[in-house]
Amino acid sequence: MAYKIVTIDGDGIGPEVNQATIRVLREACGSDRLEFSAFDGGAGHYLRSGEVLPADTLQACRDSDAILHGAAGLPGVVYPDGTEVGNDLHLRLRFKLDLFANVRPIRLIKGVTSPLTGWQPGQIDYVIVRENTEGLYASRGGGVRLRDELATDTLVVTRRGIERVTRFSFELSRSRRGAPRDGKRRVTVCDKANILNTYAFFRAVSTEVAAGYPDVEIDYAYADAITVHMIKKPDFYDVIVAENMFGDIISDLGAATVGGLGVASSAELGENHGLFQGAHGSAPDIAGQDVASPIATMLSGALMLRWLAERHQDKRLLADATRVETAVETVLAQGQLVPADQGGSARCSEFTEAVLRAMR
Ligand code: ATP
């Protein structure tokens with residue numbers, strides 16, 4: 001059976017990094033196991049057609065086994081209210097496909113230097129789970145703008161939304177080996193329960209969920225304090241769960257601690273659908289120059305294989321995911337090809353060829 005993968009290249013560096021990843025995934029899995037179909041979407045497509053997410057793309061995503069996305073967004077391409085068109089592509093997919101868990105692994109890999117001194121690969125290895133369908137961003141498009149004098153957005157959380165994302169986080173912790181510091185399975189709830197009612201509710205419901213997981217420690221951190229802890233004691237963390245906006249912010253911080261957005265992968269998961277893309281945006285400043293790092297998208301592709309493997313109990317696909325990760329890490333560890341965002345000059349195409357060679 002071939003898995004149906006919808007690909008949306010998008011804008012900026014999206015096409016380069018997505019196409020590079022498709023080649024790597026084909027090499028890893030063989031040409032008959034993944035059936036890729038390309039669809040339109042993004043800011044460039046909006047300029048051409050007036051639609052950021054065409055109906056046929058959405059339908060294909062609904063019918064797919066997984067979605068692989070490059071990146072979306074172009075400078076100056078905004079809606080009349082000033083919000084970005086590009087972001088709207090994945091926001092719509094998140095809400096329409098109910099992708100409630102945004103999974104951002106924060107893992108220091110060999111060959112990448114952390115800006116934090118003294119940490120070795122293996123010592124920073126945790127996952128941020130960002131609630132992806134509620135929180136402050138649920139207000140998008142629904143806030144009030146009054147007489148050019150007043151603007152409001154509302155932070156919305158629901159019991160069901162909190163329960164499912166915290167349950168997901170505890171299950172994820174169970175599937176891992178615990179925090180590098182002490183081997184303890186731990187879910188840290190990141191909030192501002194000391195200030196806002198919504199976050200106090202988020203904490204209370206998370207604590208109820210934790211009662212079902214006595215083997216996993218529950219830990220709490222305020223969103224401001226955790227930015228310090230993530231720098232000072234990153235080895236303490238195993239899984240961190242956060243409301244949408246806080247998760248957005250701390251996951252970019254986490255990415256910076258392990259080498260930046262060019263190596264940060266992401267998976268957006270629901271009960272029935274999964275969307276995979278690098279954590280970075282479309283980086284229009286470097287688009288089309290063959291200097292983008294394809295690593296984040298390749299590692300997101302590996303996450304896609306892992307997710308499919310678990311859903312379909314496909315051991316072969318799990319091995320293929322490991323091959324992709326190992327090949328990327330091997331090329332990085334060799335140190336001959338260093339992407340531009342890591343201080344080197346390796347081209348996207350060169351790096352991709354090297355990963356393909358490492359797999360062969
Ligand atoms: P968005 O708002 O869409 O998340 P952003 O404003 O955070 O986007 P990005 O597009 O993620 O910005 O990129 C920020 C900068 O980081 C880029 O201008 C680019 O120089 C660099 N960058 C991002 N991704 C990569 C990559 N894959 N390879 C190399 N450099 C990158």
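Note that the structure is a prediction, hence the values are computed from the model and not measured. Every number for a ligand or one of its atoms is a count from 1 in the order of the listing.
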Handout entry: Heavy atom of protein closer than 4.0 angstrom to atom 6 (O) of ligand 1
Key = no
Problem - Close side-chain approach of L34 to L305, heavy-atom, < 4.5 Å - result: yes
Exercise for the section: Could you tell me whether T297 approaches ligand 1 through its side chain, its backbone, both or neither, with non-hydrogen atoms closer than 4.0 Å? Expected result: neither
Practice task
Verify whether one side chain among T188 and Y126 offers a donor that lies under 3.5 Å from an acceptor in the other.
Solution key: no
Completion exercise
One finds that the ligand 1 atoms under 4.0 Å from a non-hydrogen atom of H280 are 11 (O), 23 (C), 24 (N), 27 (N)
Problem - Flag, side chain of D11 to backbone of A43, donor-acceptor distance under 3.5 Å - result: yes
Fill in the blank from the handout: Closest to atom 29 (C) of ligand 1 among protein heavy atoms sits I286 CD1, 3.5 Å
Problem - Test item, A292 contacting ligand 1 (heavy atom, 4.0 angstrom) - result: yes
Exercise for the section: Would you check if R186 and V239 make a side-chain contact, meaning some heavy-atom pair closer than 4.5 Å? Expected result: no
Exercise for the section: Please check if a non-hydrogen protein atom sits closer than 4.0 Å to atom 17 (C) of ligand 1. Expected result: yes
Practice task
Compute whether any side-chain donor of one residue and acceptor of the other, for D238 and S173, lie under 3.5 angstrom apart.
Solution key: yes
Handout entry: Atoms of ligand 1 close to D341 [distance to a heavy atom under 4.0 angstrom, numbered from 1]
Key = 29 (C), 30 (N)
Practice task
Considering only non-hydrogen protein atoms, determine which one is nearest to atom 21 (C) of ligand 1 and report residue, atom name and distance to 0.1 Å.
Solution key: A283 CB, 4.5 Å
Fill in the blank from the handout: The complete set of salt bridge (charged side-chain N to carboxylate O under 4.0 Å, His left out) pairs with one or both residues in residues 116-126, sequence neighbours excluded, reads D125-R176
Handout entry: Contacting atoms of ligand 1, where contact means under 4.0 angstrom from a heavy atom of L261
Key = 11 (O)
Practice task
For V187 and Y213, run side chain to side chain contact (heavy atoms under 4.5 Å, CB included): C-alpha distance rounded to whole Å, both residues' side-chain angles, the deciding distance at 0.1 Å, then the answer.
Solution key: CA-CA 10 Å; V187 172; Y213 296 87; over 6 Å; no
Exercise for the section: Could you check which of G281, A279, S293, G262 puts a non-hydrogen atom nearest to atom 1 (P) of ligand 1? Expected result: G281
Exercise for the section: Quick one: look at I295 and ligand 1, take heavy-atom pairs under 4.0 Å, and tell me if it's side chain, backbone, both or neither. Expected result: neither
Problem - Residue-ligand contact D285/ligand 1, heavy atom below 4.0 Å - result: yes
Exercise for the section: Mind checking whether P339 contacts ligand 1 via backbone (N, CA, C, O), side chain (CB onward), both or neither, at a 4.0 Å heavy-atom cut-off? Expected result: neither
Handout entry: Ring centroid separation Y199 to Y222 under 6.0 Å
Key = no
Exercise for the section: May I ask you to test the I67-I5 pair for a side-chain heavy-atom distance under 4.5 Å? Expected result: no
Handout entry: Test item: protein heavy atom less than 4.0 Å from atom 12 (O) of ligand 1
Key = no
Handout entry: Contact check, S282 vs ligand 1, heavy-atom distance below 4.0 Å
Key = yes
Completion exercise
Residue, atom and distance of the protein heavy atom nearest atom 25 (C) of ligand 1 read I13 CD1, 4.0 Å
Practice task
Verify whether one side chain among D9 and Q19 offers a donor that lies under 3.5 Å from an acceptor in the other.
Solution key: yes
